[in-house]
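One structure is given here, and the rest of the page talks about it.
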There are 2 protein chains.
Amino acid sequence: MLTEERHQLIRDQLAADGKVLAGELASRFGVSEDTVRRDLRELAKAGLLRRVYGGAVASAPFAAASVSQRSAHAVEEKARLAKTAVGLLVAGQSLFIDGGTTNEAIARAIPRDMELTIATNSLGVASALVDRPLVELIVLGGRYVPDLGTCVGADTLAAVAQLGADLFFLGSCGLDVARGVTAFDSAEAEVKRAMAKNSAGIVIAVTNDKLATAAPYRVAGADAIRHLVVEKTAPPATLADFQSLGAQIHFA
Amino acid sequence: MLTEERHQLIRDQLAADGKVLAGELASRFGVSEDTVRRDLRELAKAGLLRRVYGGAVASAPFAAASVSQRSAHAVEEKARLAKTAVGLLVAGQSLFIDGGTTNEAIARAIPRDMELTIATNSLGVASALVDRPLVELIVLGGRYVPDLGTCVGADTLAAVAQLGADLFFLGSCGLDVARGVTAFDSAEAEVKRAMAKNSAGIVIAVTNDKLATAAPYRVAGADAIRHLVVEKTAPPATLADFQSLGAQIHFA
DNA sequence: GCATGTTTTGCCTGTTTGTGCAAGAAATGA
DNA sequence: TCATTTCTTGCACAAACAGGCAAAACATGC
């Protein structure tokens with residue numbers, strides 16, 4: 001049996017059942033589980049499936065961008081980043097928080113006994129804050145975009161324009177020294193720019209996979225970042241670049 | 001069975017039923033309750049559900065403290081009212097839906113295959129609609145009031161003023177023939193009035209305990225009600241009064 | 001044919017991850 | 001209050017994992 005042949009059969013079963021088991025494939029193909037694991041690893045690297053313990057599942061192409069699907073990814077890391085990020089907060093501050101799973105983790109990590117004013121266009125962030133009695137929550141309405149989990153558009157921009165904040169927790173889609181902070185969506189980037197304009201400092205918390213990557217729409221230059229919260233394992237060279245542009249680095 | 005698979009099934013049931021029981025899941029998956037508890041703990045950590053004693057519930061704003069206390073009340077009745085209320089909808093319509101547990105039940109009851117434009121100031125309603133791909137959702141932002149589960153204030157009013165709707169699902173606090181539709185909160189009443197003004201017809205769905213009661217702030221006269229959805233056990237005399245003022249009565 | 005280098009595969013190594021069990025803590029309901 | 005259920009924590013075991021290694025199959029050049 002050819003390697004290519006196995007790959008095709010794996011993809012077929014994945015399309016039919018939505019999942020495959022490593023052991024099952026091994027006995028079906030008459031090869032060792034190690035070989036199957038290698039196959040799965042390769043296919044995962046090509047983005048054709050998502051590897052999980054015991055096998056693999058279909059890498060939902062449509063829902064990949066959707067917030068609900070993403071949030072299962074790198075939960076631990078994001079929780080650690082969130083914990084460090086909330087350490088930057090001072091009681092009484094006012095914040096902008098936009099969308100993204102990292103920002104939702106930050107919202108959940110905000111201590112219940114801290115008095116804050118928080119404006120957000122993310123329903124996920126808003127939900128996380130509804131039962132915080134000391135948080136004055138301002139919802140930035142507008143047209144809701146399911147893929148982003150946030151509100152965007154003219155209404156959102158108008159609402160942002162009327163507010164100011166001490167800190168802006170910017171959910172970054174891509175972060176690169178040269179290209180700055182970038183987003184995948186034009187309307188989303190516009191809202192982020194408005195928030196950045198009306199806040200005194202920008203805080204960005206990112207997992208390693210966002211570092212040194214860029215998306216089409218520019219939000220702000222790398223020099224606009226006041227605080228950068230990263231994992232301990234982040235590449236030091238990249239961090240040094242951001243630091244030289246004025247960003248304060250915080251390790252989670 | 002893959003861990004990932006269990007997580008997905010848990011989320012599916014959560015989306016369908018709004019709750020899951022640890023013991024039930026364990027026997028359904030053929031694993032120990034400890035494993036299910038670990039699954040639930042992980043999903044809760046990712047913010048995908050809210051852990052409760054005995055299982056888990058959907059992590060939506062309607063699980064917030066103030067609202068959840070109410071939502072435990074008369075769940076069955078409200079689900080029936082909701083089912084009848086969505087029967088009034090026609091594909092392509094635009095709606096205002098404001099807060100309240102009954103309106104949240106209505107939002108959940110909206111069929112997934114119906115195309116609608118829905119504007120709401122309730123986070124509970126909004127989160128119930130986020131995964132309806134055919135619903136164009138407009139969030140009416142503003143200052144969030146935890147006790148109400150809705151946004152109110154000048155920003156909300158400004159957003160409402162820019163929109164119009166075919167129907168307005170008015171979450172009523174009190175409903176009396178003489179005093180009309182009334183609310184407990186001044187700012188809340190103001191938003192309701194704005195929505196009523198910009199919509200072609202008002203729909204009110206109420207449980208019996210709201211009938212023939214009144215709250216301090218007046219929203220609209222009883223003659224403004226186009227559709228009134230009530231329980232089968234509602235007092236006929238009261239209903240006759242509303243009917244004589246032009247309301248169409250629908251029994252759940 | 002022969003030698004060389006590459007690819008694929010299976011096996012072995014230690015490590016990680018998921019699972020069930022048991023004991024103690026916490027929450028619930030009478 | 002007490003009894004029961006549910007939950008968390010620590011532990012042990014098995015399954016699954018990545019990486020290194022060597023044998024076999026294959027291609028390439030002489």
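Only a predicted model underlies this, so the values are computations on that prediction, with no experimental measurement involved.
- Spacing between atom CD of A/E4 and atom P of C/dT9 amounts to 11 Å, rounded to whole angstrom units.
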Quick one, A/E42 with A/R38, criterion salt bridge (Lys or Arg N to Asp or Glu O under 4.0 Å). Give me CA distance, side-chain angles, the key distance, then yes/no. CA-CA 6 Å; A/E42 277 183 58; A/R38 262 186 281 254; over 6 Å; no
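- A salt bridge is absent between A/E24 and A/R28; no separation between the charged side-chain nitrogens and carboxylate oxygens falls under 4.0 Å.
- The distance from atom CD of A/E5 to atom CG of A/D39, rounded to the nearest 0.5 Å, is 11.5 Å.
- One cannot find a donor-acceptor pair under 3.5 Å joining the base of D/dG19 and the side-chain atoms of A/R41.
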For the pair B/E4 and A/R50, evaluate salt bridge (Lys or Arg N to Asp or Glu O under 4.0 Å) and give the outcome as yes or no after the intermediate values. CA-CA 10 Å; B/E4 198 67 21; A/R50 197 160 57 83; 2.9 Å; yes
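- The stretch residues 25-37 of chain B comes close to DNA chain C through B/V31, B/S32, B/D34, B/T35, each having a heavy atom under 4.0 Å from the strand.
- Salt bridge A/K192/A/E188: present, at least one basic N to carboxylate O contact under 4.0 Å.
- For a distance-only test at 3.5 Å, the side chain of B/R6 fails to qualify as a donor-acceptor partner of the base of C/dG18.
- Between B/L40 atom CG and D/dC7 atom P the separation is 8 Å, expressed in whole Å.
- A/T3 has no side-chain polar atom (N or O) that falls below the 4.0 Å cut-off from OP1 or OP2 of C/dT7.
- The backbone N or O of A/A215 lies less than 3.5 Å from a partner atom in the side chain of A/R179, making a donor-acceptor pair.
- In this structure, B/R51 reaches the D/dC7 phosphate: one of its side-chain N or O atoms is under 4.0 Å from OP1 or OP2.
- Note: CZ (B/R38) to P (D/dT8) measures 11 Å, nearest angstrom.
- A tilted orientation is assigned to the rings of A/H250 and A/H227, their planes being inclined by 30° to 60°.
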Pairwise N/O distances under 3.5 Å, protein to nucleotides 13-17 of chain C:
residue: C/dT17; atom: O2; partner: A/Y53; partner atom: OH; Å: 3.0

What's the verdict on side chain to side chain contact (heavy atoms under 4.5 Å, CB included) for A/L43 and A/H7, showing C-alpha distance, side-chain angles and the deciding distance? CA-CA 8 Å; A/L43 291 169; A/H7 286 196; 4.0 Å; yes
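- Put simply, CD on B/E42 is 15 Å from C1' on D/dT8, counting in whole angstrom units.
- In summary, the side chains of B/D98 and B/N103 do present a donor paired with an acceptor at a separation below 3.5 Å, with no hydrogens or angles considered.
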